[in-house]
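For reference, the structure is listed below as structure tokens.
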Amino acid sequence: MSNRPRGCITRDEIAEVAGLLCARSGAAERAYVQATTINGEFENPIALTRAWVEVREVQEQARKDAAHYGDDWQDHMPYRPDLFDVDYHDYDFEADKGRKTYTFIEDYDEAEDRRVALDIIRRFARRFPLTTAERNSL
């Protein structure tokens with residue numbers, strides 16, 4: 001058995017999380033999940049955010065901080081391995097030691113969202129085929 005945290009969510013919450021694929025650029029879409037237990041321990045509700053929304057918000061805050069302090073926005077990026085691939089380079093030059101390189105994991109892309117949404121629909125359709133009456137009612 002894995003030591004990774006496990007959370008439980010309801011059917012309705014699964015639908016809400018899948019609904020994050022409907023998020024549009026400029027909207028801070030989140031899904032709220034009760035997460036009744038994690039590793040068997042009761043937890044408070046949590047908010048799940050699309051990665052591109054979270055990345056945009058973190059980057060905007062770093063730019064605001066940089067403008068306030070008059071330096072580079074990358075110096076204000078938090079260490080967030082859950083959002084970014086963070087490389088710490090150990091260059092020979094003193095000025096470049098400890099420099100961080102950020103790779104953003106996801107951008108807003110409707111075509112990619114459509115591809116994933118279609119994949120989800122196909123999986124559900126294979127697992128739970130609709131009757132003719134149900135299909136006609138849509």
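- Take D71 and apply the side-chain hydrogen bond (donor to acceptor under 3.5 Å, both in side chains) test, not counting sequence neighbours, and it matches H76.
- You'll find the side chain of D109 stays beyond 4.5 Å of the side chain of R114, heavy atoms only.
- Enclosure of atom CZ in R127 is not indicated, since only 12 or fewer non-hydrogen atoms of other residues, nucleotides or ligands lie within 6.0 angstrom.
- Here I120 is tied into one hydrophobic group with L21, V116, F124, F128, each link being a pair of ILVMFWY side chains closer than 4.5 Å.
- L130 and R135 get closest at one heavy-atom pair: O-NH1, 2.9 Å.
- Residues W73 and Q59 share a closest heavy-atom pair of CH2-NE2, 3.5 Å.
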Note to self: E16 vs D12, test: side-chain contact (heavy atoms from CB on, under 4.5 Å). Steps then yes/no.
What the structure shows: CA-CA 6 Å; E16 192 173 347; D12 291 334; over 6 Å; no
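- Residues T131 and E134 have side chains that bring a donor and an acceptor to within less than 3.5 angstrom of each other.
- Closest of all the heavy-atom pairs between R30 and E57 is NH2-OE1, 2.8 Å.
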Next item on the list: Could you walk me through whether R56 and E60 pass the salt bridge (charged side-chain N to carboxylate O under 4.0 Å, His left out) test, one step at a time?
Entry: CA-CA 6 Å; R56 186 187 69 229; E60 283 174 8; 3.8 Å; yes
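- L48 is not connected to Y32 by any chain of hydrophobic side-chain contacts under 4.5 Å among Ile, Leu, Val, Met, Phe, Trp and Tyr, and they are in different clusters.
- Looking at residues two or more places apart in sequence or on another chain, you find a ring-ring contact (aromatic ring centres under 6.0 Å, His included) between Y108 and W52.
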Notebook entry, point to check: Can D119 and R123 be said to form a salt bridge (charged side-chain N to carboxylate O under 4.0 Å, His left out), step by step?
Noted result: CA-CA 6 Å; D119 185 48; R123 288 175 190 219; 3.1 Å; yes
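- Put simply, the side chain of N136 gets close to the backbone of T132: a donor and an acceptor are under 3.5 Å apart.
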Next item on the list: Dump the intermediate steps for side-chain contact (heavy atoms from CB on, under 4.5 Å) on L20 and V53, then the final yes or no.
Entry: CA-CA 10 Å; L20 288 176; V53 171; over 6 Å; no
